[in-house]
Undergrad: 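Could you have a look at this structure, given as structure tokens, before my questions?
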Amino acid sequence: MEEQTVVLIVGAGLAGLATAACLTQGRRWGAVHLHLAKEFCELPHMAYPADAPTYIPKDQFVKYLDNYTDRFDIQPKKCWVSMARDMTTSVVFRYKAKFLVVASGENSAENIPVITGLDGFDGDAIHSSRYKSGASYSGKNVLVVGCGNSGMEIAYDLASHGANTSIVIRSPVHVVTKEIIRLGMTLVQHIPVNIVDGLLVRLSNFVFGDLSKHGIVRPKLGPLLQKAKTGRSAVIDVGTISLIKNGTIKVLGNISKIEGKLVEFEGRKESTFDAIVFATGYKSTANTWLKNGESMLNDDGLPKHEFPDHWKGTNGLYCAGLAKRGLAGIALDAKNIANDIFSSYHA
């Protein structure tokens, strides 16, 4: 079956929803919590209620997304967000569109590193996307691989539920509080980023002290500049650092190999584990389905050009939510794309 449309958005996650909302708006631009303050977690054209807490709980964020789709009447065909296959009927659709927006996400597929012996690990090995709770790991030896926000939170949850928890910290990482990062994201709108980063590092040192003796080393770039240049976010501590400091959570180096339940680390240190949780991120799958996207995406399915010039390719090709800049980046991409489409379409 073949249909024609003006704009085809591939992906109905946050980036797809935001772009669809901006297109439907025309030119009228105007206990788990989100880590960032609510002013940095809004999608285009709809703020949180005035009485919403500064840090939005998960259930309120889900409700916000539901209200968002209802407010802009976002439906697959009406807003041009379409799938290639109708899963209820197995009918395959072929769309012809003037504009194509890649909004399938930078986190489309699990990323698990290649480790010698992993296939033969005699325990449970899962990606963080499949982790539910530490309750089922109580009393077990569990290794978390990855020290981003997901890895640190999972390690904290495991330890809180009585698991003997270790975490692999493979690279330098900034650790901050949510209040510190909120201050930085506010100040950087008015003050040069290097000055703000210097302040954030000093505040973090004051709160956490020297973490290098616990196996946590700070990157050379400041937290905000590192996010801008590499897409790597600072870790917002939820209590993990205190557990690392008191020895409840052990910090280990890179894995060398795995034999059965025995894991060998750099320096020939060995430990046995019942489970391994890989909090090692995700990867884009855009290149697996997008053809002739070389003007916009690299071999990893991410933008070739640096922010803020990353969102536009040639011949009506765009991408939203692939710049590793969170919800704020998604909102900016959506507005830029919608503006450009309206300008081109009505030229």
Side-chain angles (χ1 to χ4, degrees), residues 14-15 17-19 21-22 25 27-30 33-57 60-61 64 68 106 148-149 152 172-209 211 217-238 241 302-303 305-312 319-340 343:
L14 295 177
L17 293 176
T19 306
C22 286
Q25 279 291 94
R27 289 192 173 277
R28 292 174 289 167
W29 304 139
H33 291 70
L34 295 181
H35 286 307
L36 301 182
K38 60 184 178 182
E39 62 265 31
F40 302 112
C41 295
E42 295 175 345
L43 292 174
H45 309 300
M46 196 175 94
Y48 289 99
D51 60 349
T54 301
Y55 299 94
I56 306 296
Q60 289 189 31
F61 183 61
Y64 170 81
Y68 191 81
E106 61 194 22
N149 280 295
M152 290 290 205
V173 60
H174 284 289
V175 181
V176 297
T177 65
K178 60 185 180 182
E179 292 80 13
I180 289 175
I181 204 65
R182 183 190 187 192
L183 174 65
M185 294 178 71
T186 301
L187 291 178
V188 79
Q189 300 176 56
H190 311 284
I191 301 173
V193 65
N194 61 312
I195 296 176
V196 177
D197 269 343
L199 174 62
L200 300 191
V201 169
R202 287 193 291 274
L203 288 173
S204 297
N205 284 338
F206 176 77
V207 172
F208 299 108
L211 296 179
V217 179
R218 286 192 177 277
K220 293 181 179 180
L221 293 176
L224 298 181
L225 189 57
Q226 177 180 254
K227 176 64 176 176
K229 286 186 173 293
T230 70
R232 184 175 174 82
S233 300
V235 168
I236 299 176
D237 182 50
V238 295
I241 297 302
L302 297 173
H305 304 291
E306 292 187 2
F307 179 89
D309 303 316
H310 62 284
W311 53 273
K312 184 177 180 180
C319 66
L322 295 182
K324 298 184 178 180
R325 288 178 173 261
L327 286 172
I330 286 174
L332 184 59
D333 287 349
K335 292 177 182 178
N336 285 335
I337 291 168
N339 270 329
D340 198 69
S343 296

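Sequence positions, counted from 1, serve as the residue numbers for this chain.
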Undergrad: Measure the spacing between NZ of K335 and CG of N339 and express it to the nearest 0.5 Å.
TA: 9.5 Å
Undergrad: Is the CD atom of Q189 crowded by more than 12 outside heavy atoms at less than 6.0 Å?
TA: yes
Undergrad: Side chains of N205 and L211: does their closest heavy-atom pair fall under 4.5 Å?
TA: no
Undergrad: Of all residues at least two apart in sequence or in a different chain, which pass the side-chain hydrogen bond (donor to acceptor under 3.5 Å, both in side chains) check with N194?
TA: none
Undergrad: Of all the heavy-atom pairs spanning A234 and V176, show the shortest one and how long it is.
TA: CB-CG2, 4.0 Å
Undergrad: Does some side-chain heavy atom of K324 sit less than 4.5 Å from a side-chain heavy atom of L302?
TA: yes
Undergrad: Treating K227 as the side-chain partner and G222 as the backbone partner, does any N or O pair qualify as donor plus acceptor under 3.5 Å?
TA: no
Undergrad: Considering only heavy atoms from C-beta outward, does the side chain of L200 approach that of H174 to under 4.5 Å?
TA: no
Undergrad: Using the rule side chain to side chain contact (heavy atoms under 4.5 Å, CB included), only one of L199, V193, D197, I195 pairs with L187; which is it?
TA: L199
Undergrad: Ignoring hydrogens and angles, write down the donor-acceptor pairs under 3.5 Å from the side chains of residues 325-334, residues two or more places apart or on other chains.
TA:
{"from": "R325", "atom 1": "NH2", "to": "A228", "atom 2": "O", "distance (Å)": "3.1"}
{"from": "D333", "atom 1": "OD1", "to": "H310", "atom 2": "NE2", "distance (Å)": "2.8"}
{"from": "D333", "atom 1": "OD2", "to": "H310", "atom 2": "NE2", "distance (Å)": "3.3"}
{"from": "D333", "atom 1": "OD2", "to": "G321", "atom 2": "N", "distance (Å)": "3.0"}

Undergrad: To check you understand the geometry: which heavy-atom pair defines the closest contact between F208 and I241, and what is its length?
TA: CD2-CG2, 3.9 Å
Undergrad: What is the minimum heavy-atom distance between D309 and H305, and which atoms define it?
TA: O-CB, 3.4 Å
Undergrad: Using 0.5 Å steps for rounding, measure from the CG atom of D237 to the CD1 atom of I181.
TA: 13.0 Å
Undergrad: Indicate the atoms forming the closest heavy-atom contact of L322 with C319, along with that distance.
TA: CD1-CB, 3.7 Å
Undergrad: So, for R218 and S204, which heavy atoms are closest and what is the spacing to 0.1 Å?
TA: NH2-CB, 2.6 Å
Undergrad: Using every non-hydrogen atom in the two residues, find where A320 and I337 come nearest and quote the distance to one decimal.
TA: CB-CD1, 3.8 Å
